[in-house]
Participant: 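Okay, handing you the structure first.
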Amino acid sequence: MQCVLTPETEGYDQIDSINTGASVLVDGVVASSQGGKQKVELKVSKIIVIGESDPTSFPIQKKRASREFLRTVAHLRPRTNTFGAVARVRNALAYATHKFFQDSGFIWVSSPIITASDCEGAGEQFYVTTLLSNSAEGGCLVNSIPSKDGRVDWSQVKYILENCKEDMVFFDTWVEKGIIDRLNNVAEKNFVQMSYSDAIKLLIGSNKKFEFPVKWGLDLQSEHERYITEVAFGGSPVIIRDYPKEIKAFYMRQNDDGKTVAAMDLLVPGVGELIGGSQREERLDYLEGRLDESNLNKDSYWWYLDLRRYGSVPHAGFGLGFERLVQFATGIDNIRDAIPFPRVPGSAEF
């Protein structure tokens, strides 16, 4: 979209730093365009540069680039119109495929990614081995979110309770008695939030003898996590945040105290950690400092550093352990029973 600025626009003095690849936050009013190439344009009232980009080194210039060239900068090519469109169509195709099979009565089965079978030349692609050194490094739908009284309606995590009733009765009868009540209980309770430091104080103050030691700076073990959510808070889901930076990944954003990072774990009864996430470090100098502290070769992370060097914005991400979610919902106590084709040492027959 064409954005029209005037010298009176708030932030107009930043215009010289708005180069190809930079990210900006723009406020304004959509109006009919005075030009002939677009129907509307944005009359800007305020502009803020979020992430600067060096125009002398940013590899994708304001001209049509070949697909071959874009493959050499695959970490940046999603910013182009072509690959942005590819990503959206790919998403739509994946959704349509899953919806078709779900509507037709099929179920989704997770097939194994790693096998011991050399089928279709897979064995020539890469080796899976423990013999190599571990030190070697390789080369807006917001309105659709269910809400209640202006807040997210978490009670709608009830999908499986309402759509898999017979299966849940089976689990309640044969696997873990009371699991339906436990899931309903979790769905109705508010999430508790606390810092890692407060969690350590809670565990030490419990006077409970744990198998693994409890000390600030050590990672929480499953027994600690389950004690917090099951005993200390009576089955409520618990979010623990602000972990020591030494026990977390280099890419997590440092807090102002210089000791912790903006990381979080969601703990649930019966499992412990279900979701882990963090705000990512978008500041290039901080990220390079963390790589140095972690004794990691910055040359191996050139593409990751590029994402901070060219138009970075504050962002975060999380990962949900899908098999752990299955465990939580079914009461299955061994994660190997929550996946169709588990892989364990000495067992990869098919």
Side-chain angles (χ1 to χ4, degrees), residues 23 25 50-51 142 145 151-152 154 157 186-187 189-296 298 301 304-305 307-308 312-322 324-325 328:
S23 56
L25 176 65
I50 302 296
V142 174
I145 299 175
R151 300 172 66 87
V152 175
W154 298 111
V157 301
V186 168
K189 289 192 173 185
N190 291 326
F191 284 43
V192 176
Q193 289 198 39
M194 65 189 313
S195 69
Y196 165 89
S197 298
D198 287 339
I200 292 296
K201 291 178 183 177
L202 184 154
L203 291 168
I204 293 175
S206 70
N207 294 319
K208 178 177 172 59
K209 186 172 180 61
F210 294 104
E211 180 182 354
F212 293 92
V214 177
K215 180 182 177 183
W216 200 98
L218 298 180
D219 207 357
L220 297 180
Q221 302 297 318
S222 180
E223 60 172 340
H224 307 143
E225 296 169 339
R226 292 190 59 178
Y227 175 85
I228 292 171
T229 182
E230 295 172 18
V231 180
F233 293 102
S236 293
V238 179
I239 295 173
I240 297 182
R241 63 182 188 278
D242 301 328
Y243 283 81
K245 66 179 183 179
E246 286 77 16
I247 63 174
K248 289 296 183 180
F250 72 91
Y251 54 76
M252 296 186 178
R253 196 183 201 274
Q254 290 189 58
N255 290 326
D256 293 338
D257 60 13
K259 299 188 300 182
T260 62
V261 290
M264 58 76 67
D265 287 339
L266 172 64
L267 315 181
V268 294
V271 173
E273 179 190 343
L274 178 61
I275 297 173
S278 72
Q279 183 175 348
R280 311 313 199 211
E281 184 58 82
E282 86 282 4
R283 301 166 296 184
L284 179 61
D285 53 342
Y286 279 78
L287 186 60
E288 290 180 322
R290 285 291 289 139
L291 286 169
D292 289 336
E293 291 175 8
S294 304
N295 294 318
L296 295 173
K298 283 189 284 192
Y301 294 93
Y304 199 74
L305 294 171
L307 294 174
R308 273 68 183 164
S312 178
V313 295
H315 61 289
F318 70 91
L320 180 148
F322 193 74
R324 290 189 180 191
L325 179 62
F328 173 61

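No hydrogens, no waters, no symmetry mates; every other heavy atom, side chains included, goes into these values.
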Participant: Do the side chains of Lys248 and Asp265 get close enough for a salt bridge, i.e. N-O under 4.0 angstrom?
Facilitator: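 Answer for the salt bridge query: yes.
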Participant: Under the criterion side-chain contact (heavy atoms from CB on, under 4.5 Å), which of Leu267, Ile240, Leu266 is the partner of Glu225?
Facilitator: Leu267
Participant: Which atoms form the tightest heavy-atom contact between Leu287 and Tyr251, and what is the distance?
Facilitator: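 That would be CD1-CA, 4.1 Å.
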Participant: Taking all non-hydrogen atoms of both residues into account, name the closest pair between Ser278 and Met252 and its distance.
Facilitator: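 In terms of heavy atoms, the two residues are closest at OG-CG, 3.3 Å.
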Participant: Could you tell me which non-hydrogen atom of Ala262 sits nearest to which non-hydrogen atom of Asp242, and how far apart they are?
Facilitator: CA-OD1, 4.2 Å
Participant: Under 4.5 Å between any side-chain heavy atoms of Gln279 and Val261, yes or no?
Facilitator: no
Participant: For residues Ile247 and Gly217, report the shortest heavy-atom separation together with the two atoms involved.
Facilitator: CG2-O, 3.1 Å
Participant: What donor-acceptor contacts under 3.5 angstrom involve side-chain atoms of residues 201-216, with partners at least two apart or in another chain?
Facilitator:
{"unit_1": "Ser206", "atom_1": "OG", "unit_2": "Leu203", "atom_2": "O", "d": "2.6"}
{"unit_1": "Ser206", "atom_1": "OG", "unit_2": "Lys208", "atom_2": "N", "d": "3.2"}
{"unit_1": "Trp216", "atom_1": "NE1", "unit_2": "Ser197", "atom_2": "OG", "d": "2.8"}

Participant: Is the shortest distance from a Lys or Arg side-chain nitrogen in Arg308 or Glu281 to a carboxylate oxygen in the other one below 4.0 Å?
Facilitator: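 No salt bridge links Arg308 with Glu281.
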Participant: Taking the inter-plane angle between the rings of Phe250 and Tyr304 on a 0 to 90° scale, is it parallel (under 30°), tilted (30 to 60°) or perpendicular (over 60°)?
Facilitator: perpendicular
Participant: Looking at side-chain heavy atoms only, is the closest gap between Glu282 and Val313 below 4.5 Å?
Facilitator: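 No, too far: nothing below the 4.5 Å cut-off.
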Participant: Will you find, in the side chains of Asn255 and Thr260, an N or O donor that is under 3.5 Å from an N or O acceptor?
Facilitator: yes
